[in-house]
Amino acid sequence: MITPVDGGPYRCALVVRYEDEADETLLGALAAATGLTFEYYGNGGFGGETLADVYADASGRNLLIEVMADEVGAKAMLVRAESAERAVAIRSVVGERFRVWTEQMLRAQLETSLTEAPWTLVAMMMAVGGATPDPETMDLLQRALDHGDDDVREAAEYAREVAGELVHPPVVMREAPRQKPTGVLAPERPVEGEEDWVTVRPGIPDRAVPRPVAWLRLATDDAEKPAIWAYTEDWNIAVIGRDTDGSGWTEAIYTTMNEETALHIVQHPALGTAVHVAVHGTGAEATATALREALDGEALAGPPPGLERTAP
């Protein structure tokens, strides 16, 4: 999920060494000094040359943004805060944790070393942090843009481009919140934990299928065959079959597009070498018939012998 992250209106920044990072020590110091708990929000950038790792507090109004200009090896910690006091406090913690450079420090360096280290212009504009630069900073940048040296002009153009990016909110890639199972995969009551969908494995009553289940034994030991059948019939794969506990139990689950019918492809040593499938939902009968015809399946009167021995 791609999300723009626009923190509070108060902005500042500090340039740090390229190898410095917003680590647990820094986040802990921020919590102790400001009362704000920053957590990693996502990574992305500002739509151009820079990359960004974004850390946000619970309100989303206070941001710490680790910004990297890889092309020139420059890095800055940008602050976006809901108040001037918050911004100053966050910036102070960064300054205590790392060796840092301010806009004014870098400008003073460049006044005497512009032709020797023109790419420091990029770091200087990153130190502005998307705020309004000092008039002296803009004057220096303009002089660099008009300079007779090609390297200086190139660095100044790049610095101006980076400065223009940092005015905007960062856009980050973030994992979408995991949704609870719906439709035919939803248990009778919601279940906590990562594995919260229904299962045909015995011994897990809170995830038992809350409706009749049709069982078939297929004339194959290859679980890919019913999986390919489901794919060609435009079913969605909902759960990848993996032996997660070392017992040999695997259970791949497919659903119809409308999530009204589910197909469980099951294997376990207690069931023998044949692949078994369980079908439930509104289209269970039609699905079982189609599987019998396509894969030479045998309809069972109930759960296969040995299923009870697969319980965790």
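Bear in mind that the values here come from a model prediction, so they are computed numbers and not experimental data.
- Remark: Glu224 CD is loosely packed, at most 12 non-hydrogen atoms of other residues, nucleotides or ligands lying under 6.0 Å away.
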Open item on the list: Please evaluate residues Val16 and Trp101 with respect to the criterion side chain to side chain contact (heavy atoms under 4.5 Å, CB included), reporting the C-alpha separation (whole Å), side-chain torsions for both, the decisive distance (0.1 Å), and the verdict.
Closed with: CA-CA 7 Å; Val16 298; Trp101 292 263; 5.6 Å; no
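- Side-chain atoms of Arg91 do not come within 3.5 Å of backbone N or O of Arg11 as any donor-acceptor pair.
- Pairing each heavy atom of Leu26 with each of Ala22, the nearest pair is CD2-CA, 3.8 Å.
- Here the closest heavy-atom approach between residue Leu295 and residue Pro226 is recorded as CD1-CA, 3.7 Å.
- Crowding of Glu39 atom CD: a count of heavy atoms from other residues, nucleotides or ligands under 6.0 Å not exceeding 12.
- Remark: Tyr254 OH to Ile240 CD1 distance equals 8.5 Å, nearest 0.5 Å.
- Scanning both residues, Ala284 and Val279, for their nearest heavy atoms gives CA-CG1, 3.6 Å.
- With a 4.5 Å cut-off on side-chain heavy atoms, Asp146 and Arg153 do not count as touching.
- Distance check: Asp151 CG to Thr115 OG1 gives 10.0 Å after rounding to the nearest 0.5 Å.
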Task: Stepwise salt bridge (Lys or Arg N to Asp or Glu O under 4.0 Å) test for Lys225 and Asp296 - done: CA-CA 11 Å; Lys225 289 187 176 181; Asp296 193 20; over 6 Å; no
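- Heavy-atom minimum distance, Ala288 versus Leu216: O-CD2, 3.5 Å.
- Apart from Leu51 itself, the hydrophobic cluster it occupies contains Tyr18, Met68, where clustering links Ile, Leu, Val, Met, Phe, Trp and Tyr at side-chain heavy-atom distances under 4.5 Å.
- Residues passing the side-chain hydrogen bond (donor to acceptor under 3.5 Å, both in side chains) test with Asp243, sequence neighbours excluded: none.
- Here the CE-CE distance, from Met77 to Met126, works out to 10.0 Å after rounding to the nearest 0.5 Å.
- One hydrophobic cluster, built from ILVMFWY side chains closer than 4.5 Å, holds both Val239 and Val209.
- Inter-residue side-chain proximity for Pro9 and Arg80 is flagged as unmet; no heavy-atom pair is nearer than 4.5 Å.
- Hydrophobic clustering, defined by side-chain heavy atoms of Ile, Leu, Val, Met, Phe, Trp and Tyr closer than 4.5 Å, leaves Val191 isolated from every other such residue.
- Residues passing the ring-ring contact (aromatic ring centres under 6.0 Å, His included) test with Tyr158 are Trp119, sequence neighbours excluded.
- Summarising the geometry, atom CG belonging to Leu78 is positioned 5.5 Å from atom CD1 belonging to Ile65; distances are rounded to the nearest 0.5 Å.
- Looking at Arg97 and Asp23, a side-chain N of the basic residue comes within less than 4.0 Å of a carboxylate O on the acidic one, giving a salt bridge.
- Legend: residues meeting side-chain contact (heavy atoms from CB on, under 4.5 Å) with Thr289, ordered by chain and number and at least two apart, are Arg292, Glu293.
- Note: Leu110 CG to Glu116 CD = 10.0 Å, rounded to the nearest 0.5 Å.
- A donor-acceptor contact shorter than 3.5 Å is absent between the side chain of Asp196 and the backbone of Pro190.
- Summarising the local packing, CD of Glu24 is surrounded by 12 or fewer heavy atoms from other residues, nucleotides or ligands at distances under 6.0 Å.
- Every residue two or more places apart in sequence or in another chain that forms a ring-ring contact (aromatic ring centres under 6.0 Å, His included) with Trp229 is listed here: Trp235.
- What you find for Thr250 and Gly241 is that their closest heavy atoms are CB-C, 4.3 Å.
- For the atom pair Glu194 CD and Thr244 OG1, the distance stands at 12.0 Å (nearest 0.5 Å).
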Output a table of donor-acceptor pairs, distance under 3.5 Å, between side-chain atoms of residues 260-271 and any protein atom two or more places apart or on a different chain; print 'none' if there are none.
residue: Glu260; atom: OE1; partner: Asn258; partner atom: ND2; Å: 3.4
residue: Glu260; atom: OE1; partner: Thr282; partner atom: OG1; Å: 3.3
residue: Thr261; atom: OG1; partner: Gly283; partner atom: N; Å: 2.9
residue: His264; atom: ND1; partner: Glu251; partner atom: OE2; Å: 2.7
residue: His264; atom: NE2; partner: His280; partner atom: NE2; Å: 2.8
residue: Gln267; atom: NE2; partner: Asp221; partner atom: O; Å: 3.3
residue: His268; atom: ND1; partner: Ala270; partner atom: N; Å: 2.9
residue: His268; atom: NE2; partner: Ser247; partner atom: O; Å: 3.3

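- Nearest heavy-atom pair across Ala144 and Leu121 is CB-CD1, 3.7 Å.
- In this model, a donor atom of one side chain and an acceptor atom of the other lie less than 3.5 Å apart for Thr182 and Glu259.
- For Glu157, the side-chain contact (heavy atoms from CB on, under 4.5 Å) criterion is met by Leu145, Arg160, not counting sequence neighbours.
- Residues meeting the ring-ring contact (aromatic ring centres under 6.0 Å, His included) test with Tyr55, sequence neighbours left out: Tyr40.
- By the 6.0 Å contact criterion, CD on Glu285 is open, its count of non-hydrogen atoms from other residues, nucleotides or ligands being 12 or less.
- Looking at Lys75 and Asp20, no side-chain N of the basic residue comes within less than 4.0 Å of a carboxylate O on the acidic one, giving no salt bridge.
- For His276, there are no ring-ring contact (aromatic ring centres under 6.0 Å, His included) partners at least two apart in sequence or on another chain.
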Using distance only, find each side-chain donor-acceptor pair of residues 134-141 under 3.5 Å and give its atom names and separation, not counting sequence neighbours.
residue: Asp134; atom: OD2; partner: Gln104; partner atom: NE2; Å: 2.7
residue: Asp134; atom: OD2; partner: Arg107; partner atom: NH1; Å: 3.2
residue: Thr137; atom: OG1; partner: Glu103; partner atom: OE2; Å: 2.5
residue: Thr137; atom: OG1; partner: Arg107; partner atom: NH1; Å: 2.8
residue: Asp139; atom: OD2; partner: Arg143; partner atom: NE; Å: 3.2

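- Looking only at distances, no side-chain donor or acceptor of Glu49 sits under 3.5 Å from a matching main-chain atom of Ala69.
- Hydrophobic clustering of Ile, Leu, Val, Met, Phe, Trp and Tyr side chains at less than 4.5 Å, counting indirect connections, unites Phe98 with Leu64.
- Linking Ile, Leu, Val, Met, Phe, Trp and Tyr whenever their side-chain heavy atoms come within less than 4.5 Å leaves Leu36 and Leu63 in two separate clusters.
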Distance-only check: which donor-acceptor pairs under 3.5 Å involve side-chain atoms of residues 297-312, not counting sequence neighbours?
residue: Glu298; atom: OE1; partner: Arg217; partner atom: NH1; Å: 3.1
residue: Thr310; atom: OG1; partner: Leu307; partner atom: O; Å: 2.6

